[in-house]
Amino acid sequence: MLAALTACCAWPVHAQVSGSVGVVSDYRYRGYSLSDGNPAVQASIAHDWSRGAYAGVFATSTDYAGDTGAQLIPYAGYARRDKQGRSWDFGVRYSHFTTDSEASYFEAHVGVAFRRAAFRVHYAPDYFGQVSNWYLEADGSLPIGERMRWLWHAGVARSGESTERTYSYSPPTYPPPNYAARYAAYVPVETSDDRTRLDLRTGVALTTRLCDVQLTWQHVDGDDRTAYAAPYDSRDRAGWVLGCVHRW
């Protein structure tokens with residue numbers, strides 16, 4: 001994911017291979033933790049061709065609803081810089097969960113990047129194996145001195161009508177047993193019509209010889225009763241994330 005964004009923001013002149021490996025204190029995917037608030041190990045590798053095509057794969061450990069596994073995201077796309085210096089980008093990716101293949105899904109995106117900010121629109125027809133989903137995101141950074149940057153992100157998710165079944169237990173249990181899409185947490189029987197989610201992230205990044213260190217605060221906002229915009233856990237609303245990622 002990080003490599004794809006890099007391709008979007010800077011179209012390479014020569015073909016090149018890049019990669020990363022690191023650890024984060026909590027793996028938050030569009031605002032929600034997919035590591036149950038625990039540390040996650042991550043890695044990526046990408047190839048950028050001189051004419052603008054790119055491809056790669058991102059991998060991270062996951063721990064959600066009692067299942068420990070991994071999320072693998074192979075992706076491919078095309079990025080090109082115009083005469084005004086803007087980088088235009090479109091591509092596809094596939095999110096695969098090793099512990100639950102029914103939660104895996106395809107997603108396509110288009111985007112444009114400027115010097116300090118990038119904007120993308122994503123669409124998944126079967127998001128986490130449940131609903132169609134649009135996701136609009138904006139990311140940016142500003143330098144603070146020679147080695148430090150201020151980071152910001154805002155994302156809005158809008159889901160289609162849910163066709164998934166709901167669960168009711170007496171007493172309630174969490175998560176529901178044998179629930180195929182474990183990466184979409186317990187869906188309450190009483191749901192609202194709210195199908196929109198907002199996630200925010202802000203923090204700082206420091207470049208060191210060992211790695212890029214990031215400390216960010218992440219927050220997600222949405223109706224507590226909604227069954228849309230999976231993954232969802234009404235108890236998981238915000239948190240600090242510390243990361244150290246080495247890139248080459």
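Starting from 1, each residue takes its place in the sequence as its number.
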Between S20 and S44: side-chain donor-acceptor atoms closer than 3.5 Å: yes
I45 side chain reached by V17 side chain, heavy atoms, under 4.5 Å: yes
Listed partners of R147 passing salt bridge (Lys or Arg N to Asp or Glu O under 4.0 Å), at least two apart: none
Members sharing Y135's hydrophobic cluster (side chains within less than 4.5 Å): none
Non-hydrogen side-chain atoms of R201 and D139 separated by less than 4.5 Å: yes
Whichever hydrophobic residues join V41 through chains of side-chain contacts under 4.5 Å: none
Sub-6.0 Å ring centroid separation between W49 and H47: yes
Flag for E107-Y127: side-chain donor and acceptor within less than 3.5 Å: no
Charged N-O contact under 4.0 Å between R80 and D89: no
Atom pair OG/CD of S61 and Q42 - distance to nearest 0.5 Å: 7.0 Å
Distance-only donor-acceptor check, side chains T202 and W150, under 3.5 Å: yes
Mutual orientation of the aromatic rings belonging to H96 and Y94 [parallel < 30°, tilted 30-60°, perpendicular > 60°]: parallel
Cationic N near anionic O, under 4.0 Å, D199 to R28: no
same_hphob_cluster(I144, W152) at 4.5 Å side-chain heavy-atom cutoff: yes
Evaluation steps, side-chain hydrogen bond (donor to acceptor under 3.5 Å, both in side chains), between S35 and D63: CA-CA 4 Å; S35 62; D63 184 0; over 6 Å; no
Linked, directly or transitively: W134 and F90 (ILVMFWY side chains, under 4.5 Å): yes
S132 side, atom OG; Y105 side, atom OH - distance, nearest 0.5 Å: 13.0 Å
Check: S141/R149 side-chain N/O donor and acceptor closer than 3.5 Å: no
Whether F58 and Y27 hold their rings parallel, tilted or perpendicular, with breakpoints at 30° and 60°: tilted
Pairing of D221 and R197 as salt bridge, 4.0 angstrom limit: no
